[in-house]
Amino acid sequence: DAKTTQPTSMDCAEGRAANLPCNHSTISGNEYVYWYRQIHSQGPQYIIHGLKNNETNEMASLIITEDRKSSTLILPHATLRDTAVYYCIVRVIGKTSYDKVIFGPGTSLSVIP
Amino acid sequence: DGGITQSPKYLFRKEGQNVTLSCEQNLNHDAMYWYRQDPGQGLRLIYYSQIVNDFQKGDIAEGYSVSREKKESFPLTVTSAQKNPTAFYLCASRGTSDRGLQAGELFFGEGSRLTVL
């Protein structure tokens, strides 16, 4: 699976959009981009995933560049409860893939009042 | 409600003792995973299993053992051979799509915090 690179930490003002970048320059054609977040001392929670089109759900939007080498997770109106570590991972979805699902260190987002 | 349950939430162990962490899911998921997390670090994969009676080592399997005798259960044993077992342990499961693809997001339990005294 391709590796990802994320900034170690970011701050965002409450009510503003939080834009979390992720680089995955070695991503291959059949790898999806997934985002999870982990609030302190809890299990990570799925946020969103995509292949090449931009995606939006009730939690966030995912923007994937045309060359698929990077993506951005957007939390449109950050609240204090969005303070968490955000993980970007890439993985293959396929019948024969032995999917290890590796998590890097992620980005620690602090939403500031 | 469907979900994934880890127990115990907190566990203390003396050096030299083996301990087993429980992970049970009622989501009918095929794949299950064990991760270890140290303070301020990301998740590191210990073991994973795609189907019953089959499992694979992750990146840090030394000192750990697992079994997958039932689809819903994937217990992790932290053996005395694990040099630094104090950590937060997370179990996860993932389903298969209608087309039989290894798709879908991971569902995580609430974790088990192991402390070696």
Side-chain angles (χ1 to χ4, degrees), chain A residues 1-9 20 22 24 29-51 55 57-60 62 73 83-110, chain B residues 3-7 9-10 21 23 25 27 29-51 54-61 87-114:
Chain A
D1 289 340
K3 294 192 175 179
T4 63
T5 305
Q6 298 176 253
T8 302
S9 64
L20 292 91
C22 179
H24 30 80
N30 60 350
E31 287 183 310
Y32 287 68
V33 179
Y34 276 74
W35 283 84
Y36 290 80
R37 75 177 182 186
Q38 185 179 25
I39 296 170
H40 183 63
S41 293
Q42 296 181 20
Q45 173 193 23
Y46 165 82
I47 301 173
I48 199 167
H49 76 282
L51 181 63
E55 302 288 343
N57 62 21
E58 65 278 4
M59 290 182 68
L62 174 60
L73 178 75
T83 293
V85 177
Y86 287 78
Y87 299 99
C88 166
I89 63 173
V90 293
R91 47 180 279 239
V92 175
I93 294 178
K95 205 164 189 176
T96 58
S97 69
Y98 225 101
D99 182 7
K100 289 176 64 175
V101 196
I102 303 295
F103 284 74
T107 296
S108 178
L109 175 69
S110 296
Chain B
I4 183 164
T5 303
Q6 289 186 241
S7 63
K9 191 165 185 177
Y10 298 95
L21 307 180
C23 179
Q25 52 99 359
L27 299 165
H29 285 174
D30 291 310
M32 297 187 74
Y33 304 78
W34 273 106
Y35 292 90
R36 168 183 172 137
Q37 187 172 37
D38 293 287
Q41 305 293 314
L43 281 65
R44 291 188 289 168
L45 183 64
I46 306 173
Y47 268 98
Y48 60 107
S49 168
Q50 301 282 61
I51 56 173
D54 185 42
F55 47 83
Q56 301 291 321
K57 291 182 179 180
D59 298 322
I60 56 164
F88 187 50
Y89 291 89
L90 286 158
C91 180
S93 70
R94 178 174 54 76
T96 304
S97 76
D98 291 341
R99 292 180 289 160
L101 298 177
Q102 299 285 5
E105 67 266 30
L106 292 172
F107 287 81
F108 282 85
E110 289 302 305
S112 292
R113 192 168 298 279
L114 172 64

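Throughout, a chain's letter reflects where its sequence line sits, starting with A, and its residues are numbered from 1.
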*Asks:* Please classify the contact of B/Gln41 with chain A as side chain, backbone, both or neither, using a heavy-atom distance under 4.5 Å.
*Replies:*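 Just the backbone, heavy atoms under 4.5 Å.
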
*Asks:* Residues in side chain to side chain donor-acceptor pair (under 3.5 Å) with A/Tyr86, at least two apart?
*Replies:*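 Only A/Arg37 meet the side chain to side chain donor-acceptor pair (under 3.5 Å) criterion with A/Tyr86.
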
*Asks:* Non-hydrogen atoms of chain B under 4.5 Å away: do they reach the side chain of A/Ser108, the backbone, both or neither?
*Replies:*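 It is neither, since no heavy atom gets under 4.5 Å.
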
*Asks:* Looking at the rings of A/Tyr87 and B/Phe108, which for Trp means the six-membered one, are their centres under 6.0 Å apart?
*Replies:*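 Ring centres of B/Phe108 and A/Tyr87 not closer than 6.0 Å.
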
*Asks:* Kindly compute the distance separating CD1 (A/Ile102) from OH (B/Tyr48), expressed to the nearest 0.5 Å.
*Replies:*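 Taking CD1 in A/Ile102 and OH in B/Tyr48, the distance rounds to 8.0 Å.
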
*Asks:* Check each atom of B/Arg113 against the heavy atoms of chain A and say whether the ones under 4.5 Å are side chain, backbone, both or neither.
*Replies:*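 Interface part for B/Arg113: side chain.
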
*Asks:* Side chain from CB out, backbone as N, CA, C, O: work out which of these in B/Gln37 comes under 4.5 Å of a heavy atom of chain A, or both, or neither.
*Replies:*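 The side chain, not the backbone.
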
*Asks:* If you measure from CG on B/Leu43 to OH on A/Tyr36, what distance do you get to the nearest 0.5 Å?
*Replies:*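 One finds 11.0 Å between CG of B/Leu43 and OH of A/Tyr36.
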
*Asks:* Kindly indicate whether the side chain of B/Leu106, heavy atoms from C-beta on, has any atom under 4.5 Å from the side chain of A/Pro44.
*Replies:*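 With C-beta onward as the side chain, the pair stays apart.
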
*Asks:* Side chain from CB out, backbone as N, CA, C, O: work out which of these in B/Tyr35 comes under 4.5 Å of a heavy atom of chain A, or both, or neither.
*Replies:*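 Contact with chain A: side chain only.
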
*Asks:* If you take all heavy atoms of A/Gln42 and B/Phe88, which pair is closest and at what distance?
*Replies:*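 Minimum heavy-atom separation between A/Gln42 and B/Phe88: O-CE2, 4.1 Å.
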
